[in-house]
Asker: 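Can you read through this structure? Questions will come right after.
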Amino acid sequence: MSESGIESMAKSSLKFDPPVQFASTAHVKSMAEYEKLYAESIADPEAFWAGRAAESHFFRKWDRVLEWNAPFARWFVGAQTNVSYNCLEHQIARGRGDHTAILWEGEPAKSDGSPRDVVRLTYRQLLVEVCRCANGLRKLGVQKGDRVTLYMPMVPELVIAMLACARIGAPHSVIFGGFPAQAIVDRLQDAKSHYVITADGGWRRGIIVPLKANVDQACQMTDLVKKVVVLKRCGNDVTMTAGRDVWWNEAFADCSDQCAAEQLDSEHMLFLLYTSGSTGKPKGILHTTAGYMVYTAQTAKYIFDLKPDDVYWCTADIGWITGHSYIVYGPLQNGVTVVMYEGAPNFPEWDRFWAIIERYKVTKFYTAPTAIRAFMKQGTGWPEKHDLSSLRLMGTVGEPINPAAWMWYHETIGKKKCPIVDTWWQTETGGILIAPLPGVTPTKPGSATRPFFGIEPAVVDKDGNDQPRNVGGLLIIRKPWPGILRGIYGDDARFKQQYWSQIEGHYFTGDGARCDEDGYFWIMGRVDDVIKVSGHRLGTAEIESALVSHPKVAEAAVVGYPDDMTGEAIAAFVTLKGGVKVDDMMKEELKRHVVGQVGSIARPKEIRFADALPKTRSGKIMRRLLRELATKGRVDGDTTTLEDFSTISQPADDE
Ligand code: PRX
C-alpha cells in the first residue's frame, strides 16, 4: 500500500488472556460462543438484530428489519419507539426506578479535596426532570422535528435536555462547550436551529467558561435564534435579552412532570452531531431513532459487560459522540449508575479521576489514551493514594493506544486484574465496531482486536481487493449495521462522496489498518486530511481556512505530525502577505486567531513561515513533504513532481 503511504506497523508480541473470574460471570463466556454468535450475525443480520431489538421497547413492531438501498439504510422499518422512553420508563418497568441513574459531581472542590456539588438522580427522578423539561420546551414553541442546540457544561441538565428532546422528537445538536462563538454560528446555521439551551458558565480548571456570553456573541452573527434557555450553574453575570432569553428554572419549574413519550418512527432523526471531515466546514452527522438505540444498548451491554449493579464512568465530554453513545444512551438503556464529572482531570490535583473512582466505587471506567499518557507522566504516586479495587473493566477510545500507555493502564490502574477494551469506532458509526468482548477476547496492547456482532470490516487496497494478512490498507465495513449514520445533514452528495465512493458500495472509514494472523485489527490512523489531536478530530482544511481568514495571511497548509503526549500535533505552514514581518509575535497572533475561529483544541503547536508552499505542477499542496518536514525537520521523500523545490530545499521557516 505504498500509494496511500500506509506501512505495516511492527508486530507486538504481547497478549493477555481475559481474567478467568471475569469470564465466569460475563454475558459472553467463551470464544466459541462469540464465534457462534458472530457467524450468525453475519450470515443473517436481520434475524440477529431482530433478536437483540427484542430487549428494547417498541410501541409498534417493525415490518422489516433492514431496507438497504446503498448507501441509505433503514432499520426496523415501520416500527415506532422512543429512545427517552427506553432510557427511563423501560428501566423503571424492569425494576430500576429507585436505582441511581446519574451520579454527578461538579468541578469545584472543598479544602479537603471533596467535591462541593454532588447530584444523585434515580431513574424515577430523572424521568420527572426530563418530563418537566420536555413540557417546558413545548411551551417555548419547540415542536417535533425542530433542531435544538445544546451548548452546556457537563451537568445533569445536559442529559435531561437530551432526553427531553428525544422524548418529544426534537433532534438535538450538542456543541462542545470548548468551542468558540464562530463554531456555534456555523452549526446553528447548518442545522437551521431556532432554540438554544446553555448555561451562564461551566467550570473548567477553576475558571468559568463563559458559555452564555459565547451564545450572545453567536446570536449577533445570526438572527436564527428565537429562544435561549439559560441554566444557572456558576452564578457569573450574564446579560439576558428580553423576549429571547429565559432562565431554565423559570421556564421549566412549573411544568407538569408528566409527558408521554412521542411514538416516533424508527427512522425519525434523533440527533445531529458535527464533526470534522477532510474538506470544508464540519458536517452534521445524522443519527436516527431505533437503529442507534438498539446498537448503543447492545454494544454497551456486551463490550462493557454491563450489569445492573455497575457504577460506570466514561470520562468523555457529551459534546463528542463518545458522550452521546456511552454516557447517555447506551448505559442508561442498561439501567446502570452513570457517573458524570464536570471538569478537568487535574483539578484541583492530578488524582481527581482516581478520587472519583474511589469515592463512588466505579466498576467500569472508559477514557482516552491521551488522558492515560498525561497521567502516566505524573507518575504512580497519584493513583497509589487511592483504593481502585472496585474497578472490574477499563476501556479506551479515540486514537490508537501505544503499548507503553496500555501497560501502564493495565498495571497501575487495573492492577493486572481488569480486562482492557480498546474500542474502535467513529462519530459516523454511532457505536463501537471493533473491540474485545471482555470475558472472552485475549487482548494485544495496541489492537482493538475483533469486530462486534454484525460488523464485517475488511482491509483492502485502493481498488477494493482484500489485502493479505499483516499488510496495511484501507479499512472498510462491508455491510450496514443499525448504528450507521443515515447521512450528512442537508448534503447527500457529500455523504455519498465521502463514505461510499472510495470503494463502491462499502462504507469507507477514512482509517488505515492491518489485520493480523489472528484476525485482529490494528488501526494505523487516518488516511485522509483528518488529524487527531488528544483524540479530538480536526480537519486540516478547517484550520487552513481559519488561518487564511486572517488579513495578513496569503496561504496556509496544515499537517499533523506525531507527538508523544497528544498523539498528533498540528503544524501550520504559512505564507504571509507581502511586507508582513515574520516573528514570534506573528506566530502567537495566528495561534490566537485559530483558537478564536475553531477552538483551543485546534491551536497549532508549530507555525512555520514560508515564501511559498510546495505544490505539484497541477497546484496541489504537497502535504506529504510538509508532514515530513514537520516530523523530521527535513525532506527525504520523492520530490520529482514538485513545482518549485526551492521552497523546501532551503528551510523557508524561521528556524
Ligand atoms: O481514526 C480513528 C480514531 O478516531 C476516528 C474517529 O473519530 P471521532 O469520530 O471523533 O470518534 C472518536 C470516538 C469514537 C477514527 O476514524 N479512533 C477512534 N477510536 C480508535 C481510533 N483509533 C485507534 N484506536 C481506537 N480505539
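Ligands are counted one by one from 1 in listed order, and the atoms in each one are counted from 1 as well.
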Asker: Which atoms of ligand 1 sit under 4.0 Å from any heavy atom of Arg537?
Answerer: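 Matching atoms, with element in brackets: 6 (C), 7 (O), 8 (P), 9 (O), 10 (O).
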Asker: Specify the protein heavy atom at minimum distance from atom 5 (C) of ligand 1: its residue, its atom name, and the distance to 0.1 Å.
Answerer: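 It is Lys532 CE, 3.4 Å.
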Asker: Quick one: sort the Tyr326 and Tyr366 rings into parallel, tilted or perpendicular, breaks at 30° and 60°.
Answerer: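 Perpendicular, since the angle between the ring planes exceeds 60°.
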Asker: Taking 4.0 angstrom as the limit and counting only heavy atoms of Trp425, give me the atoms of ligand 1 inside it, by number and element.
Answerer: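 Those qualifying, in numeric order: 6 (C), 14 (C), 15 (C), 18 (C), 19 (N).
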Asker: Indicate yes or no: at least one non-hydrogen side-chain atom of Val527 is less than 4.5 angstrom from one of Phe508.
Answerer: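 Of all side-chain heavy-atom pairs linking Phe508 with Val527, at least one is under 4.5 Å.
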Asker: Are Ala448 and ligand 1 in contact, using a heavy-atom cut-off of under 4.0 Å?
Answerer: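 So Ala448 does not count as touching ligand 1.
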Asker: Below 30° counts as parallel, above 60° as perpendicular, anything between as tilted: where do the rings of Phe365 and Trp313 land?
Answerer: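 Rings of Phe365 and Trp313: tilted, as their planes differ by 30° to 60°.
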Asker: Looking only at protein heavy atoms, which one is nearest to atom 23 (C) of ligand 1, and what is the separation?
Answerer: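 Going atom by atom, the protein heavy atom closest to atom 23 (C) of ligand 1 ends up being Pro400 N, 3.1 Å.
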Asker: Does Gly398 have a heavy atom less than 4.0 Å from any atom of ligand 1?
Answerer: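 Right, Gly398 reaches ligand 1.
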Asker: Do the ring planes of Phe452 and Trp49 sit parallel (below 30°), tilted (30 to 60°) or perpendicular (above 60°)?
Answerer: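 Answer is tilted, since the angle falls between 30° and 60°.
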Asker: For a quick check under 3.5 Å, do Tyr499 and Arg494 share a side-chain donor-acceptor pair by atom type?
Answerer: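 Absent: no donor and acceptor within the cut-off.
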Asker: Within 45 degrees of the ring normal and closer than 6.0 Å to the centroid, is that where the cationic atom of Lys444 sits relative to Tyr520?
Answerer: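 So Lys444 does make the cation-pi contact.
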Asker: Could you tell me, atom by atom, which parts of ligand 1 come under 4.0 Å of a heavy atom of Asp511?
Answerer: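 Result: 1 (O), 2 (C), 15 (C), 16 (O).
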Asker: Under 3.5 Å, is there a donor on one side chain and an acceptor on the other for Tyr292 and Ser325?
Answerer: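 Yes, a side-chain donor-acceptor pair sits under 3.5 Å.
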Asker: Does the N or O separation between Arg526 and ligand 1 drop below 3.5 Å for any pair?
Answerer: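 Min N/O separation from ligand 1 is below 3.5 Å for Arg526.
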Asker: Using the ring of each side chain (for Trp, its six-membered ring), is His324 parallel, tilted or perpendicular to Phe271, with breaks at 30° and 60°?
Answerer: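 The arrangement is tilted - the two ring planes meet at 30° to 60°.
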Asker: Looking only at N/O atoms, are Thr275 and ligand 1 under 3.5 Å apart anywhere?
Answerer: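 No, no N or O pair falls under 3.5 Å.
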Asker: Hey, which atoms in ligand 1 end up nearer than 4.0 Å to a heavy atom of Thr423?
Answerer: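 Contacts of ligand 1 toward Thr423, numbered from 1: 19 (N), 20 (C), 25 (C), 26 (N).
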Asker: Identify the closest protein heavy atom to atom 13 (C) of ligand 1: which residue and atom is it, and at what distance?
Answerer: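 Looking at atom 13 (C) of ligand 1, the protein heavy atom closest to it is Thr322 OG1, 3.4 Å.
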Asker: Distance under 6.0 Å and angle within 45° of the ring axis: does Arg373 meet both against Tyr409?
Answerer: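 No; the conditions do not both hold, so Arg373 does not lie above the ring face of Tyr409.
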Asker: Who's closest to atom 22 (N) of ligand 1 heavy-atom-wise, of Glu399, His324, Gln426?
Answerer: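 When every heavy atom of Glu399, His324, Gln426 is considered, Glu399 comes closest to atom 22 (N) of ligand 1.
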Asker: State the atoms of ligand 1, each with its element, that fall below the 4.0 Å cut-off from a heavy-atom position in Val397.
Answerer: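 Selected atoms, number and element: 13 (C), 14 (C).
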